Chemist: 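Sharing a structure with you now.
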Amino acid sequence: MNFQDEMKQTFMKVIAGEMEPAAWETWWNSHQEKLEKVLNRGDFIRIMPEEWLVSYRWMAKTQSAVAYHFYTQGRPVKSSDYYEKKAQEEEKCMRQAAYASFYERVAPYRQRWESYLEKHPVQPVDFDWKKLLGTPPAQKPAPVYSYKHARESAQRKECIEELHLRLKENIQAKITPLAKAYGMKKAGVKTFVRERNGLIASVCFVGYFRGGGYESMQYYLCPIYAVPTGILGLPGPVCRGENFQQMEKEWGEIQFGSDAVDADRVGRINQKFDDILIFLAEDIFPEWQKIDSLETYFAKERVDYLKASEVGPKQPWGFRPMWNLGTGDSKDPWRADAYLYGVWELLTGNEKEGYAHLDECVAHNAGYIRSYYASGSSEEYVKAYNDPRDSLVVMYHNAELFAKTKQIPDAGERQKAVRDTYEEVCRFMRYFHGLSKRVERA
């Protein structure tokens, strides 16, 4: 048998999934010089790139390259899915190992946080949310369309209207009951909020700016005086775990309104809201339920655990982490953390630390705020700090109000001014977070 016949037989074994990665590497390396002469440069590099490793993932790539080689020779072949299935199993095992290593690393911090919670127990919510999965009970049948992709403005309008109906059906049937079970109320068609012991919990579906459905879902838990930027969030495994990753997949089903919302599309929309429901019910809401006071929110045990878990385990292939919620050595560009901690330190009587944080926040944002005075009038600035859409100016104005109390010489009067400022800021921030109607401040 000449070498070309041997090569073809070996290549067909790869196509059939009958050659293990280690055996393939051994055969290739032992015939590399001959292969360089027989194969063109493109096929040679595609079949066995320099970064090739002994794994089913790379073997699947080799199989695809070999199939392409046969195709260019006028001999199309059908490849076995053996390597693809084994690659999925391989990736799953690697992912599990990466998670195990991650959990081992953060275990001491998690244990201290759980010990804290045992000393500060909170009544869990008993709600059978799984009954909400599937097709909404009152969902209307999907219409039949004469097209798949909207080409005309009338068709696009029809698709968007139908999409909005399906989104509304799912929110009413799945998200609303879950939110109510956790004490949240609706603040509009697509927003749910709750105030408890000085903390705000919010879930909001953000509309797609080009028209259509929802671009994303914003969710946060923070003190009522804070803005949802730079806040102490949730542990990485909770807010970026497997349920989150599943929820992120195929998000376009509830975002884009350019395709016909037929029966098949409606089924995919229902499935996507199932993914959202699972993420909220299994991860987000139970974690929020544990945090029932500002003291728990700022507890050192919680902050340490958040810090330890902000960088996730590495991806099965590559060096990037599965998530990275931190800013590294750089500071928050808004100095929202300085405002967050500054007010808390004042409320707990630590004036030196509190005013230092607030002064940092005010000084850092002064240049941005001065842009509102460029015309010589403060009218634009007043509008901005009364507008929930301009979070930066709202936060800066709040920080400035607290920072000004430092000028009061008497300690008792200064503490009273801090409490009065806190109440006034919270009055406006209830409007900011969607808990009350419009509030103006001078």
Side-chain angles (χ1 to χ4, degrees), residues 1-99 145 147-151 242 245-253 255-256 258-260 262-265 267-268 271-272 275 312-322:
M1 180 188 301
N2 59 39
F3 176 70
Q4 286 199 355
D5 290 337
E6 180 186 351
M7 182 188 75
K8 290 177 182 178
Q9 287 187 8
T10 304
F11 280 8
M12 287 305 299
K13 288 182 179 180
V14 172
I15 292 296
E18 296 174 353
M19 201 163 199
E20 292 299 300
W24 162 257
E25 183 188 45
T26 300
W27 180 86
W28 180 275
N29 290 339
S30 62
H31 299 86
Q32 188 167 347
E33 292 185 4
K34 294 180 181 178
L35 288 163
E36 283 183 310
K37 295 178 181 178
V38 174
L39 297 172
N40 63 53
R41 187 60 180 168
D43 282 345
F44 185 87
I45 294 175
R46 276 191 295 270
I47 293 173
M48 204 67 169
E50 291 184 2
E51 62 270 26
W52 199 93
L53 298 173
V54 177
S55 69
Y56 288 103
R57 176 176 180 266
W58 279 103
M59 200 65 202
K61 293 178 182 293
T62 290
Q63 184 188 53
S64 177
V66 169
Y68 180 76
H69 166 74
F70 280 127
Y71 174 79
T72 59
Q73 299 294 315
R75 296 178 55 195
V77 293
K78 184 177 181 180
S79 300
S80 165
D81 62 354
Y82 172 76
Y83 297 130
E84 191 65 35
K85 289 182 177 179
K86 294 293 287 186
Q88 292 174 1
E89 295 175 7
E90 184 179 56
E91 181 173 340
K92 183 178 180 181
C93 292
M94 294 174 69
R95 188 175 293 272
Q96 289 174 345
Y99 268 110
Y145 293 84
Y147 56 88
K148 186 67 176 177
H149 306 289
R151 304 296 183 188
E242 294 183 2
Q245 294 171 27
Q246 179 62 36
M247 181 190 73
E248 285 279 277
K249 293 178 182 177
E250 307 297 334
W251 185 271
E253 296 294 348
Q255 179 175 354
F256 303 118
S258 56
D259 289 344
D262 53 18
D264 184 52
R265 175 82 184 277
R268 297 198 300 272
Q271 179 58 56
K272 184 46 53 186
D275 296 338
K314 290 183 179 179
Q315 297 283 1
W317 299 101
F319 300 98
R320 297 183 63 181
M322 296 181 190

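Every value quoted in this text rests on a predicted model; they were computed, and no experiment measured them.
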Chemist: OH/Y68 to OG/S79 distance, rounded to the nearest 0.5 angstrom?
Modeler: 14.5 Å
Chemist: When rounded to the nearest 0.5 angstrom, what is the spacing between NZ in K37 and NZ in K34?
Modeler: 9.0 Å
Chemist: Determine whether more than 12 heavy atoms belonging to other residues, nucleotides or ligands lie under 6.0 Å from atom CD of E50.
Modeler: no
Chemist: Is the backbone N or O of D81 less than 3.5 Å from a side-chain atom of K86, with the two atoms forming a donor-acceptor pair by type?
Modeler: no
Chemist: Would a 4.5 Å heavy-atom cut-off, applied to side chains only, mark W24 and T10 as touching?
Modeler: yes
Chemist: Is it the case that over 12 heavy atoms from other parts of the model lie below 6.0 angstrom from the CD atom of E250?
Modeler: no
Chemist: Between E253 and R268, is the closest basic N to carboxylate O distance under 4.0 Å?
Modeler: yes
Chemist: Provide the closest heavy-atom pair for H69 versus T72 in the form atom of the first, atom of the second, distance.
Modeler: O-OG1, 2.7 Å
Chemist: Using the ring of each side chain (for Trp, its six-membered ring), is Y147 parallel, tilted or perpendicular to Y145, with breaks at 30° and 60°?
Modeler: perpendicular
Chemist: Decide whether D275 and Q271 meet the rule of one side-chain donor and one side-chain acceptor closer than 3.5 Å.
Modeler: yes
Chemist: Is the closest side-chain heavy-atom distance between K8 and R75 below 4.5 Å?
Modeler: yes
Chemist: Is the distance from the ring center of W251 to that of F256 below 6.0 Å?
Modeler: no
Chemist: What I'd like to find out is whether the side chain of M322 reaches to under 4.5 Å of the side chain of P316, using heavy atoms alone.
Modeler: yes
Chemist: Determine whether V77 and F11 satisfy the following criterion, side chain to side chain contact (heavy atoms under 4.5 Å, CB included), listing intermediate values before the conclusion.
Modeler: CA-CA 11 Å; V77 293; F11 280 8; over 6 Å; no
Chemist: Between the side chains of E20 and Y56, does any donor sit under 3.5 Å from an acceptor?
Modeler: yes
Chemist: From Q88 CD over to C93 SG, what is the distance, rounded to the nearest 0.5 angstrom?
Modeler: 12.0 Å
Chemist: Pairing donors with acceptors under 3.5 angstrom, does anything connect the side chains of E6 and W27?
Modeler: yes
Chemist: Output yes when R265 and D262 qualify as a salt bridge under the 4.0 Å nitrogen-oxygen rule, no when they do not.
Modeler: no
Chemist: Verify the neighbour count for atom CD of Q32: are there more than 12 heavy atoms of other residues, nucleotides or ligands below 6.0 Å?
Modeler: yes
Chemist: Do NZ/NE/NH1/NH2 and the carboxylate oxygens of E91 and R95 come within less than 4.0 Å?
Modeler: yes
Chemist: Could you check whether any side-chain heavy atom of E18 comes within less than 4.5 Å of a side-chain heavy atom of Y82, counting everything from C-beta outward?
Modeler: no
Chemist: Is any side-chain heavy atom of M94 closer than 4.5 Å to one of E90?
Modeler: yes
Chemist: For the atom pair CD (E84) and CE (M59), what is the distance rounded to the nearest 0.5 Å?
Modeler: 13.0 Å
Chemist: How about R41 and F44: do any of their side-chain heavy atoms sit closer than 4.5 Å?
Modeler: yes
Chemist: Using a 4.5 Å cut-off on heavy atoms from C-beta on, say whether the side chain of M7 contacts that of L39.
Modeler: yes
Chemist: Side-chain donor-acceptor contacts of residues 60-67 below 3.5 Å, not counting sequence neighbours, with atom names and distances?
Modeler:
unit_1	atom_1	unit_2	atom_2	d
T62	OG1	I47	O	2.9
T62	OG1	W52	NE1	2.8
T62	OG1	W58	O	3.3
Q63	NE2	V14	O	3.1
Q63	NE2	I15	O	3.0
Q63	NE2	S80	O	3.2

